[in-house]
K.L.:
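Below are the structure tokens for one structure; questions will follow.
These numbers come from a predicted model, not from an experiment. Naming: A, B, ... by sequence-line order, numbering from 1 per chain.
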Protein chains: 2
Amino acid sequence: MDFQEFIEQGEKLFLPNLSVDMVIIGFHEGELKCLLLKIGDKWLLPGGYVFRTESVENATVRILRERTGLKDPHFKFLSVFGGEDRKFTEEWKQFFVENNLPFKENTWLNDRFVTLAHYSLVDFEKTKPVIGNFDEAFAWFNLDELPKMWMDHKEIVLTAKNRLKEDIQHEQLTYNLLPKEFTMPQLHGLHQTILGEKLDRSRFQKKMIASGAFERLPKLQKDSPGRKPFQYRVKKA
Amino acid sequence: MDFQEFIEQGEKLFLPNLSVDMVIIGFHEGELKCLLLKIGDKWLLPGGYVFRTESVENATVRILRERTGLKDPHFKFLSVFGGEDRKFTEEWKQFFVENNLPFKENTWLNDRFVTLAHYSLVDFEKTKPVIGNFDEAFAWFNLDELPKMWMDHKEIVLTAKNRLKEDIQHEQLTYNLLPKEFTMPQLHGLHQTILGEKLDRSRFQKKMIASGAFERLPKLQKDSPGRKPFQYRVKKA
DNA sequence: CCAAAAGTGTTAAACCTACACCCATGT
DNA sequence: ACATGGGTGTAGGTTTAACACTTTTGG
């Protein structure tokens, strides 16, 4: 579907007033990053709309795949953002004007939207972002150094950041941020980054192993200075 | 808004293809009950639609208040149900025909709906249910003895039941199911009912008190057989 | 005074914490 | 050999579990 089609056909193809947004989180060089797209001079979350003939879940996976190139991306529902005047009118207007496109006030794009926000944890190395119809660029931003963003999108990212902190306490899901095979030191550092605090190395290691979620691979990794760590993989059910 | 208005104006007033449903849960005579409404020969969850000029949250509270008569009802988001063919066409058709109403296939009521399901914990005694536009009756059903229900509404109730089990482990929220002042034996029985298992009385009591969420009232309650229990109240922040 | 209900104690096991210690490896 | 990074051990405190004990009250 190209640009023109999208604008013209959107109203017929998609469920109106409903969008799906994704906070796509990766881990790179000890920092949590979030994938954003640029439209005009501000950034926004990867997102999309639900086809009238498609389930919300399907739309979510489809949108994720389109933007990340991943076959089977992880994702989890985050929250509904449904403010009474949640519109992107100003942002779209600016974009259309700047690009010499014909701006119409009453396009479906300018309607009030309820969005179903999700977060997705991805392997930074495996993720090959692809920009969408309107997007000028993509970039990974440190969760603590977000750029100017559309509407409430920054708030959505911060909600995801906090939710991740909570979820990590109850579920084993952070391995989604690492390659299939990873070491305990890597997982340890990741947890410290997410929680923003130091975690005892010894205790962390034992807790993770005791959780039974991981299986140790007899191989060791090639590294440089110290002892070589074991690798781990998520235990298949 | 009366019946006719609702059908005719609905399309203009409400966000299309989006509904809000509520699993309203009460606790009565040692059993968890769920408030359902009757339309035709099946039952459904209290629910409604979001005004175009209203936030989702506002709609949720409004719908809850309308059906329960409670001023400040508790509620928590449950899940999105967004199947690709989630329609009530058959159910509405049957209802309209049986009531000699003119049925139109392509009314907004028969559209595909994405619903935002919530659960609400209420004080059974304080809740005075009110039926809505189409409803013939309301009733409280034991969560384990649900009647025939519309579409996926039974699934939604079961999702709420399971979610409640999980949430109870992490948050102090079950007091919403009891009167403002309650005893530990009451809270104990409630937890046992929700979890479906026996909990050590001694440990439960100490855990609850240690949580610091409750304050003991020096009063005792009048009862019949044994010792009189303390009453507790949620500690104000 | 006895049974029932509610509250409190007791003990052992399990778990968490904060380190200390030991092993492997590159320089 | 030694600094670095990784893995494991241990002593202490805290929390949990299971059940025993005590207090209060109605009959």
K.L.:
Are any of the side-chain nitrogens in B:Glu54 or B:Arg62 under 4.0 Å away from the carboxylate oxygens of its partner?
P.N.:
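Looking at B:Arg62 together with B:Glu54, the answer is yes, because their closest N to O distance falls below 4.0 Å.
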K.L.:
If the threshold is 4.0 Å, N to carboxylate O, is there a salt bridge linking B:Asp135 and B:Lys38?
P.N.:
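The answer is no: the pair does not qualify as a salt bridge.
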K.L.:
Without swapping roles, check the side chain of B:His188 against the backbone of B:Leu199 for a donor-acceptor pair under 3.5 Å.
P.N.:
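Present.
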K.L.:
Could you identify which residues of residues 180-196 of chain A place a heavy atom less than 4.0 Å from some atom of DNA chain C, listed by residue number, or say none?
P.N.:
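Heavy-atom contacts with DNA chain C come from no residue of residues 180-196 of chain A; none.
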K.L.:
Does B:Ser202 get its side chain close enough to the base of C:dG9, under 3.5 Å, for a donor-acceptor pair?
P.N.:
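Yes, a donor-acceptor pair under 3.5 Å.
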K.L.:
Between the protein and nucleotides 21-24 of chain D, are there any N/O to N/O pairs under 3.5 Å, and if so, what are the atom names and distances?
P.N.:
unit_1 : atom_1 : unit_2   : atom_2 : d
D:dT23 : O2     : B:Arg227 : NH1    : 2.9
D:dT24 : O2     : B:Arg227 : N      : 3.4

K.L.:
I'd like to know if A:Glu84 pairs up with A:Arg86 as an ion pair, taking the criterion as any Lys NZ or Arg NE/NH1/NH2 lying under 4.0 Å from an Asp or Glu carboxylate oxygen.
P.N.:
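Here A:Glu84 does not pair with A:Arg86 in a salt bridge, since their nearest N and O are not under 4.0 Å apart.
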K.L.:
Could I get a table of every N or O pair under 3.5 Å where one atom is in the protein and the other is in nucleotides 14-17 of chain D?
P.N.:
unit_1 : atom_1 : unit_2   : atom_2 : d
D:dA17 : OP2    : B:Arg203 : NH1    : 2.5

K.L.:
Evaluate the side-chain proximity of B:Asn17 to A:Leu18: yes if any heavy-atom separation is below 4.5 Å, no if none is.
P.N.:
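A side-chain contact is absent here, since even the closest heavy-atom pair is not under 4.5 Å.
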K.L.:
Indicate yes or no: does B:Glu215 engage B:Lys235 in a salt bridge with an N to O separation below 4.0 Å.
P.N.:
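Here B:Glu215 does not pair with B:Lys235 in a salt bridge, since their nearest N and O are not under 4.0 Å apart.
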K.L.:
For the pair B:Gln186 (side chain) and B:Thr183 (backbone), establish whether a donor and an acceptor sit closer than 3.5 Å, ignoring hydrogens and angles.
P.N.:
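A pair under 3.5 Å: yes.
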K.L.:
Between the side chain of B:Glu136 and the main-chain N/O of B:Gly40, is any donor-acceptor distance below 3.5 Å?
P.N.:
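Yes; at least one donor-acceptor contact below 3.5 Å.
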